[in-house]
Amino acid sequence: MRIDKMLANLGFGSRKEVKKLLKDGAVQVNSSLVKDGKEQVNPVEDTVTVHGETVEYKEFIYLMMNKPPGVISATEDMKEETVLDLLEWEDALFQPFPVGRLDKDTEGLLLLTNDGQLAHQLLSPKKHVPKTYFAVIEGEVNEDDIAAFKKGVTLDDGYVTKPGILEILKKGPTSDIALTITEGKFHQVKRMFLARGKRVIYLKRISMGSLKLDESLELGEYRELTEEEVELLRDRKDLQE
Ligand code: URA
C-alpha cells in the first residue's frame, strides 16, 4: 500500500496534508526517512513512525460485502472466482475470510474478517445468531408455510429445523418472502422450502445478528464496518444463549 494512502486511511489528514507531513520529514519507515507518498509499505510488517511515534495499524479488518451471484464464499478455489478475489489488495493483505457461507447463486450480506474470535461467536450453533433472507419462491407461499416454519420442518436428511419466522411480502405466481432462521445448515433456506414442496428462485441475505446489509452497496461492492457496527456485532444482546 502507498504510504500516503495508509496515513490518510489512519486519519492523518487529506492526501495533501499527508504530503506535507512527508515533505516535512515527519515520516519514517523502518527507521528510514520517507518523503515520497508513492513509497510502498506493508502496513502489517513495516514499522511506520510519524514525528517519532509508532503508528498502530489496525490488527483486525471487518468488511461487509454485497456478494454477487456466481462467486463462491471460500478463501480459495482452483476453478471458481471467490469473494476474496473481489477485494482490493490492501484489504486482502489482512487475510480476511468469509464468516459462514452463502451458496454460489445467493446474493447479499457477507461479513469478511480476520477476527477469528468474533467469527467463531457468530458461527457457533450455540449462539443462535438470527439471519434474515429475502427470497422469491415459485408458487404461492401461504399461512400453512408460516405455521410449518414456526414449528420447524423436516429436511431431506431427516433433520428437523429450529423454528423460523416466515413473513410473506407478496403473493402470486411467485411469492416474495422474508425468512429469519438461527441455524446455518447446508442450503438451509432452499431445503426448508423444498420440505414444503416449493422452490427458491432467488435468495439474498439481508441481515446477520444486528448487522444489516447496506443497500447502497452494489453487487460485488464492499465496505469496512463502522466501529458502531462492529460493537453491535460484539454486543451479544441479540444473541440468545
Ligand atoms: N440458505 C440457502 O439455501 N442458501 C444460502 O446461501 C444461505 C442459506
Side-chain angles (χ1 to χ4, degrees), residues 63-77 79-87 96-113 119-139 141 145-146 148-169 174-215 217-222 233 238-240:
L63 305 170
M64 168 195 300
M65 178 181 284
N66 185 2
K67 179 193 168 298
V71 300
I72 60 169
S73 48
T75 44
E76 54 187 4
D77 195 90
K79 299 195 300 277
E80 310 268 10
E81 190 180 22
T82 75
V83 288
L84 292 189
D85 296 327
L86 303 176
L87 300 184
F97 53 87
V99 179
R101 297 218 162 185
L102 289 179
D103 297 338
K104 187 174 171 187
D105 61 350
T106 302
E107 300 179 4
L109 177 63
L110 187 67
L111 176 68
L112 296 122
T113 185
H120 176 74
Q121 282 194 8
L122 291 169
L123 293 175
S124 161
K126 283 195 226 120
K127 302 284 195 265
H128 309 299
V129 177
K131 286 159 284 246
T132 301
Y133 295 85
F134 167 82
V136 181
I137 312 298
E138 203 170 55
V141 177
D145 298 319
I146 296 182
F149 282 1
K150 199 167 165 187
K151 264 182 48 201
V153 289
T154 307
L155 301 183
D156 42 17
D157 58 358
Y159 177 78
V160 182
T161 67
K162 297 229 159 46
I165 302 167
L166 175 62
E167 200 187 335
I168 303 170
L169 306 172
T174 65
S175 306
D176 292 353
I177 63 94
L179 176 62
T180 302
I181 54 175
T182 56
E183 307 170 282
K185 303 270 173 239
F186 187 59
H187 297 328
Q188 181 150 349
V189 175
K190 293 172 185 165
R191 288 164 69 212
M192 283 176 79
F193 276 98
L194 275 184
R196 301 286 309 156
K198 293 176 183 169
R199 198 167 72 88
V200 172
I201 48 184
Y202 172 82
L203 187 60
K204 172 185 180 179
R205 182 157 63 194
I206 51 179
S207 73
M208 182 172 189
S210 36
L211 190 65
K212 302 217 164 4
L213 176 66
D214 178 343
E215 294 284 349
L217 292 172
E218 302 280 341
L219 285 173
E221 281 185 350
Y222 69 94
L233 277 181
D238 65 315
L239 312 185
Q240 312 129 37

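Counting convention: from 1, in listed order, for ligands and their atoms alike. This structure is a prediction, so every number in the text was calculated from the model and none was measured.
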Problem set entry | salt bridge (Lys or Arg N to Asp or Glu O under 4.0 Å) between K190 and D103, worked out | CA-CA 10 Å; K190 293 172 185 165; D103 297 338; 2.7 Å; yes
For this session: Mark up the atoms of ligand 1 that fall under 4.0 Å of a heavy atom belonging to T106, in ascending order.
Result: 4 (N), 5 (C), 6 (O)
Problem set entry | H187 N/O to ligand 1 N/O under 3.5 Å | yes
Problem set entry | Where ligand 1 meets Y133 - atom numbers and elements under 4.0 angstrom, heavy-atom basis | 7 (C), 8 (C)
Seminar exercise, completed: min-distance protein heavy atom vs atom 1 (N) of ligand 1 -> V189 N, 3.0 Å
Exercise. Near K190, which atoms of ligand 1 are under 4.0 Å from a heavy atom of that residue?
Worked result: 3 (O)
For this session: Mark yes or no for whether R205, through its side chain, and L110, through its backbone, hold a donor-acceptor pair below 3.5 Å.
Result: no
Exercise. Would you say the side chain of R191 lies within less than 4.5 Å of the side chain of F186, judging by non-hydrogen atoms?
Worked result: yes
Problem set entry | Short side-chain to backbone donor-acceptor contact, S175 and G139, under 3.5 Å | yes
For this session: Of all the heavy-atom pairs spanning T182 and P130, show the shortest one and how long it is.
Result: CG2-CA, 4.2 Å
Exercise. Name the one of V141, I137, V136 that satisfies side-chain contact (heavy atoms from CB on, under 4.5 Å) with T174?
Worked result: V136
Exercise. Closest non-hydrogen protein atom to atom 4 (N) of ligand 1, residue and atom name please, with distance?
Worked result: D103 OD2, 2.7 Å
Problem set entry | Per-atom contacts, ligand 1 versus L203 - under 4.0 Å to a heavy atom | 1 (N), 2 (C), 3 (O), 4 (N), 5 (C)
